Amino acid sequence: MSGQSGELERTLGFVEAMTLGGGTMIGAGIFILPGIAAETAGPASSISYALAGFVALLAALSLSELATGMPIAGGSYHYVNRALGGLFGAIVGWGMWTGLMFASAFYMIGFGQYLVEPIPFLDGRIFIVALGLVGLALLLGVNYYGTEESSAFQNVTIGTETAIILVFVAVGVFFIDPGNLEPFAPFGPAGIVATTGIVFISFLGFEIIATVAGEIKNPSRVIPLSMILSVVLVTLLYVLVMLVSTGVVPFESLGDSPIPVSDVAVVYLGPAGVVAIVFAAIIAAISSSNSSILAASRVIYAMGRDGVVTDWFNVNHPRFYTPHRAIAATGGVTTLLILAGLQVDTIIALLAEAASFSFLVAYSLVHVSLVVFRRADPEDYDPSFTLPKPLYPAVPILGVVSSVVVVSQMATVVVVIGTGIVAFGVAWYLTYTRGRVVSEGLLREAIYGPPAEPFRVVVPVANPATQRGLLQLAAASAHTNEDRGTPEVVAVNVTPVDNPSALVNLEADRADHQRTLLENAHDIATKMDVTLRTRAVVASNVGEAILDVIEEEAADEVILGWDGTLDDGDDHVFGPVVDPVVRQCRCDISLVNLESDTIGVPVAFVAPGANAPVVAHQAVEFASVDDTVPTLLNVQTPRHEHDFDAEERGRAVIADAAEAAGLDPSEYDTQVVVDDDVGRAVVEAASEYDTVCVGLSGRADGAKIPYGAVTERVVHDVPGNVALIRGSRAELE
């Protein structure tokens, strides 16, 4: 079983989360869809919006628990991929990417309609599509240039359009003609449910809160509160808009209008109000399309990172620091969808329903993922917000059922398109993704119960030249200790960022490191037969971030790379990143300087003390990389000229250490050297081996980390790999 997680600096509060979620939902759907909704459900289209809001609320509840259990970037794609594995990850990934592009194309055609309709000489399908393409090009340029500019642009447009639509509702309720609301449901329940599928696209914004969960402060409170509140408030607003729209203008007339809200506003807001509505509709279309492009590009970017698609998408622009290839691919496909509007008059409703279909499938799998996480109960899943009884399992069950009901009432052509996307995801997994991705999901644990307690080795990796060797050592250590628990390796990569910000594309920043990490991790996990997880962290202090991971993972052992320098003269012994880890780590730690790719036959210098058993056992663990037998070395200084007992004393020291480590004599060779100069003897003996393991002194009260004279000579004079080892017991002495 493998998985991965990403962690960003938490900079978003409640207001920012509401702006992202609720603000995004008050977008183009409220200006473009009322006409289509009224045409298929009449005044009862307000009930369709209420039902769509209810289905979205169920998804928001399940997502809230998942997001507080794993408050990291990724959203629905990440949760499904982690819970159900690569097959369902591919289905949801492709569904979300295409769904967001359908949505973006839908918004841009609406953008063209609101621009063209008030100007008679521009009327025509060509102009609508052309203006949509111009708007799309503008948004692609903004996204290509930088995420920060895109986000700032988004905040301005959301505030303006929200204010205008509130005025539209507040004034419009006084102009409702009750006669226009009769009959209230001219097409019956079937029309209401079918319309629910069309308008569900309006509620996709709350997903963004889950997508940026890793950047939200106090996630246990802010995530569920902002997700649930945004869905409820926006649902109420949509219901009021539909009641006002169908109450002011007969639904038959509203259904014929490509700019329905503008046609309603002209009744009671006058020319100035119409101008304001048109302006709001235009910027709503732009902001909604911008959100969709932003999210879609990140979905395909993440799929490239996880190996679901080619890592060609997982590359950043060298100057603008944005995932430019993912943006370009998203823009290219969206352009084709907009161009389809030249030939198909009903393309706007078709795009909306296709987007809704994809997300209803995704949310169904999110509900299933919640059940899987509850049953598997992985150690890294500890939600601070949980659905109480009877909401669990009622919410996930009702969520799946309601999604299926809505999908079943969609138009046949939409079901065919959506099913085709799902089938494509399955085919893609079988022909491309299977065997490439690390994630296998939690289904096995959910069905058969959680695995036994793990023996967990944490290995920070950053340097591409040494990370494979470190992962091999970590996997060997975990595997050698399988009698103490299920072997598990947690590889952590930390991207140092001075001032992490939600407005910077931090996902892009750690892409190169993480891609190499995942590739190496996958190969080694397969070869060494160990459970492996990866964690990617963005933090201002790398050493503290590594310590946090060690603490969170309750690590049994840490394998830490180091460049071989000792006492760099800047108040550090091993360097500013390694020193705090060595000083504060409470589990067994191995500080490894890899000079060659071969671990070969290790030799361990065993001297009396608390570290001796750990050093001896670590040599056995490292030897398993190349299936060799390590040598345990002891050096005795002669007590007098003819000290014939020196070698016997050395063998006794080794035997005592090996017994304390639980080693069988067949697991090691013994070598005793008698010499007046211990340091020289250790260096000369160790130089005959590929890797040498030496104990590191215990913790001192002063700022400097102590290291003995023998350790210093080994570090400076032994040409092979050097591992400095300290057991957790040594720290207590």
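The shown structure was predicted, so the numbers you read here are calculated from the model rather than taken from an experiment.
In this structure, N634 contributes its side chain and V672 its backbone to no donor-acceptor pair below 3.5 Å. At least one donor-acceptor pair closer than 3.5 Å links the side chain of Y432 to the backbone N or O of T310. Formation of a donor-acceptor pair under 3.5 Å by the T598 side chain with backbone atoms of G600 is not found in this model. Between the side chain of D717 and the main chain of V683, no donor-acceptor pair closer than 3.5 Å is present. Checked by atom type and distance alone, the side chain of T433 pairs as donor or acceptor with a backbone atom of V308 at under 3.5 Å.
In this structure, D382 CG and E552 CD are separated by 11.0 Å, a value rounded to the nearest 0.5 Å. Taking CG of N481 as the reference point, atom OG1 of T486 lies at 12.0 Å (rounded to 0.5 Å). Annotation: the span from I397 atom CD1 to H367 atom NE2 amounts to 11.0 Å, rounded to 0.5 Å. Of the inter-residue distances, the one linking I725 atom CD1 with I589 atom CD1 reads 10.5 Å to the nearest 0.5 angstrom. Interatomic distance, I91 CD1 to N81 CG, rounded to the nearest 0.5 Å: 11.0 Å. To the nearest 0.5 Å, atoms OG (S62) and CG (L370) are separated by 4.5 Å.
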task = Kindly determine whether D556 and C587 satisfy side-chain contact (heavy atoms from CB on, under 4.5 Å), including the steps that lead there.
result = CA-CA 6 Å; D556 296 286; C587 61; 5.8 Å; no

query = Can you check side-chain contact (heavy atoms from CB on, under 4.5 Å) on R374 and L387, steps first, answer last?
reply = CA-CA 11 Å; R374 283 278 190 110; L387 295 177; 3.9 Å; yes

inquiry  = For a side-chain contact (heavy atoms from CB on, under 4.5 Å) check, start with the C-alpha distance between V309 and Y301, then their side-chain angles and the critical distance, and finish with the verdict.
reply    = CA-CA 9 Å; V309 297; Y301 177 87; over 6 Å; no

task = Assess whether side-chain contact (heavy atoms from CB on, under 4.5 Å) is satisfied between D690 and I599, documenting all intermediate values.
result = CA-CA 6 Å; D690 302 296; I599 301 301; over 6 Å; no

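With 3.5 Å as the limit, one finds a donor-acceptor pair spanning the side chains of D563 and T565. Using modelled atom types and a 3.5 Å distance limit, the side chains of E65 and T386 yield no donor-acceptor pair. Looking only at atom types and distance, the side chain of D669 has no donor-acceptor partner in the side chain of Q671 under 3.5 Å away.
Residue D664 qualifies as enclosed at atom CG: its count of foreign heavy atoms under 6.0 Å is above 12.
Considering only residues two or more places apart in sequence or on other chains, Y363 meets the side chain to side chain donor-acceptor pair (under 3.5 Å) condition with E207. In this view, T480 and S624 satisfy the side chain to side chain donor-acceptor pair (under 3.5 Å) rule, not counting sequence neighbours. Every residue two or more places apart in sequence or in another chain was checked for a ring-ring contact (aromatic ring centres under 6.0 Å, His included) with F455, and none qualifies.
In this structure the side chain of N721 reaches within 4.5 angstrom of the side chain of S596, judged on heavy atoms. The closest side-chain heavy-atom distance from L724 to S590 is not below 4.5 Å. Using a 4.5 Å heavy-atom threshold, the side chains of V715 and W562 count as touching. For the pair Q618 and S477, the minimum side-chain heavy-atom distance is below 4.5 Å. Between V558 and V459 there is no side-chain heavy-atom pair separated by less than 4.5 Å. Side chains of F605 and V714 form no contact here, defined as non-hydrogen atoms less than 4.5 Å apart. Annotation: side chain of L566 is in contact with side chain of E712 (closest heavy-atom distance under 4.5 Å). In this structure the side chain of V582 reaches within 4.5 angstrom of the side chain of R726, judged on heavy atoms.
Between T670 and T631 the shortest heavy-atom distance is C-CG2, 4.4 Å. Nearest heavy atom pair, residue W94 against residue G425, reads CD1-CA, 3.9 Å. Contact detail for P580 and L547: the closest heavy-atom pair is O-CD1, 3.5 Å. The two atoms that bring T68 and P224 nearest to each other are CG2-CD, 3.8 Å, heavy atoms only. N611 and L696 get closest at one heavy-atom pair: ND2-O, 2.6 Å. Across all their heavy atoms, V603 and A686 have their closest contact at CG1-CA, 4.0 Å.
Remark: E557 does not engage R456 in a salt bridge, criterion side-chain N to carboxylate O under 4.0 Å.
Taking the six-membered ring where tryptophan is involved, the planes of Y381 and F373 are tilted, since the angle between them lies from 30° to 60°.
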